[in-house]
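Data block below; observations after.
This chain uses plain numbering: 1 for the first residue, then up along the sequence.
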Amino acid sequence: WKRIFSSFYCRWYCKSFSLSILKTDGYLFNWSFSSQTSIAPEIQSNGTFPAICFEYGGNYNANIKVTSPEGCSLDLAYPRLISVHPKPKADFTFEPKELTIIEPAVKLINLSSNAYIYEWYANNALISYQTNAPYTFASPGIFNITLVASNLMCADTISKYVTIEDVFSIYIPDTFTPNGDGLNDNFYPVISGYDGKAYQFNVFDRWGELIYHSTDFRETQWNGYFKNEPCKEDVYAWKLRIEIRNSKTIEKTGCVKLIR
């Protein structure tokens, strides 16, 4: 009979076993696996190539009784044949739950069990080996945070999304100088934390005539012209209407002074 060499596996691991013998016809096999762990029941199986599933961690001894067709039997013992390690359960939470680019620091709180080695990733980039990882995001967005928890032999992985909100703000200058010097030549709202949904920006002369209209805050800016003619130095009225998160509408009005 050929000896079976010991192996290491993770909890809930299933494996087929066999003995290297010349023939198996007519032979009876009784396999028994027992662990020093008190909660692990003895596992028994009959068959030439039994598939055994290990639910509990621990070191398992294997005892095999082989009975020939003539009724002769042989007992084989393999102490500590299988070492089954508890499978880690990766889990984490994070605080605070609501984050903005103004306050982008988060604490990743480890809730894993049966593990003592940890790797933290943000969008697949390694950020920490600590048990609980502080981290500061550099930009707004949605980040996939992954924790790999292991006990050297076995590992588990979990991923969760952390959202860093941009901070909504509007700045609209009160003066611009469209003289072609490349400085302050165009007039437009400066908006952050906005995705461009439902944007309307209008400029009117002092008689209420619409002289500029835009529905794209990323590309269009008023250059101080109307119908391809430069507008005179004067004070012009503007009106901004945008829709932000949660379908909330913001309207603003004001005046801008054109200086040439």
Side-chain angles (χ1 to χ4, degrees), residues 1-94 107-133 144-162:
W1 306 94
K2 185 177 179 181
R3 193 191 193 288
I4 309 175
F5 292 98
S6 61
S7 301
F8 298 91
Y9 303 103
C10 296
R11 181 181 173 184
W12 290 105
Y13 183 83
C14 296
K15 179 176 175 59
S16 295
F17 292 87
S18 64
L19 289 170
S20 297
I21 61 176
L22 296 177
K23 58 181 180 179
T24 59
D25 294 343
Y27 282 81
L28 300 177
F29 298 87
N30 181 264
W31 301 73
S32 176
F33 293 85
S34 59
S35 171
Q36 298 174 354
T37 304
S38 60
I39 63 173
E42 185 178 26
I43 304 172
Q44 293 188 353
S45 179
N46 295 319
T48 308
F49 309 107
I52 306 297
C53 294
F54 299 93
E55 178 181 355
Y56 300 94
N59 297 311
Y60 286 81
N61 304 320
N63 294 281
I64 310 159
K65 184 176 183 179
V66 184
T67 305
S68 70
E70 294 76 23
C72 298
S73 62
L74 175 66
D75 291 322
L76 303 173
Y78 298 101
R80 297 174 65 93
L81 175 68
I82 300 292
S83 292
V84 179
H85 294 267
K87 182 174 175 59
K89 176 64 176 178
D91 194 15
F92 71 91
T93 186
F94 57 91
K107 184 175 183 180
L108 303 172
I109 303 170
N110 199 327
L111 302 176
S112 304
S113 58
N114 295 326
Y116 56 88
I117 300 172
Y118 305 103
E119 295 177 2
W120 296 90
Y121 295 85
N123 288 353
N124 297 321
L126 180 66
I127 59 174
S128 179
Y129 291 106
Q130 295 178 262
T131 301
N132 299 298
N144 184 24
I145 303 299
T146 299
L147 170 62
V148 180
S150 71
N151 55 20
L152 192 62
M153 300 302 300
C154 310
D156 190 29
T157 300
I158 188 171
S159 296
K160 297 182 181 182
Y161 287 100
V162 176

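Residues N132 and K107 come closest through the heavy atom pair CB-CE, 4.3 Å. Nearest heavy atom pair, residue A155 against residue S150, reads CB-CB, 3.7 Å. Between S112 and A90, the shortest heavy-atom contact is OG-CA, 3.4 Å. Closest approach of Y60 to S35, counting heavy atoms only: CE2-CB, 3.5 Å.
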Inset, instruction - Might you work through the side-chain contact (heavy atoms from CB on, under 4.5 Å) test for T157 and T146, ending with a clear yes or no? - result: CA-CA 7 Å; T157 300; T146 299; 3.5 Å; yes
Inset, instruction - Might you work through the side-chain contact (heavy atoms from CB on, under 4.5 Å) test for N61 and L81, ending with a clear yes or no? - result: CA-CA 5 Å; N61 304 320; L81 175 68; over 6 Å; no
Inset, instruction - Given side-chain contact (heavy atoms from CB on, under 4.5 Å), test I43 with F54 step by step and report yes or no. - result: CA-CA 8 Å; I43 304 172; F54 299 93; 4.0 Å; yes
Inset, instruction - I would like to know whether L126 and E119 meet side-chain contact (heavy atoms from CB on, under 4.5 Å); could you show each step before the answer? - result: CA-CA 7 Å; L126 180 66; E119 295 177 2; 4.2 Å; yes
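A distance of 5.5 Å separates CD of E42 from OG of S34, quoted to the nearest 0.5 Å. If you take CZ on F92 and OG1 on T131, they are separated by 14.5 Å, rounding to the nearest 0.5 Å. Here D75 contributes atom CG and S32 contributes atom OG; the two are 10.5 Å apart, rounded to the nearest 0.5 Å. Distance check: L108 CG to I127 CD1 gives 5.5 Å after rounding to the nearest 0.5 Å. For the atom pair CG of N123 and OH of Y161, the computed distance is 8.5 Å after rounding to the nearest 0.5 Å. Note that OG of S45 is 8.0 Å distant from CZ of F33, once rounded to the nearest 0.5 Å.
Enclosure of atom CG in N124 is not indicated, since only 12 or fewer non-hydrogen atoms of other residues, nucleotides or ligands lie within 6.0 angstrom.
Without hydrogens or angle criteria, T67 side chain to G71 main chain gives no donor-acceptor distance under 3.5 Å. With K65 contributing its side chain and F29 its backbone, the two residues share no donor-acceptor pair below 3.5 Å.
Residues passing the salt bridge (charged side-chain N to carboxylate O under 4.0 Å, His left out) test with K160 are D91, sequence neighbours excluded.
By the 4.5 Å heavy-atom criterion applied to side chains, I145 and Y121 are not counted as neighbours. In this structure, the side chains of L147 and N110 come closer than 4.5 Å at one or more pairs of heavy atoms.
Between S83 and N59, the side chains place a donor N or O and an acceptor N or O closer than 3.5 Å (distance only, hydrogens not considered). With 3.5 Å as the limit, one finds a donor-acceptor pair spanning the side chains of N46 and N30.
In summary, the aromatic rings of Y118 and Y129 are positioned with their centroids too far apart to meet the 6.0 Å limit.
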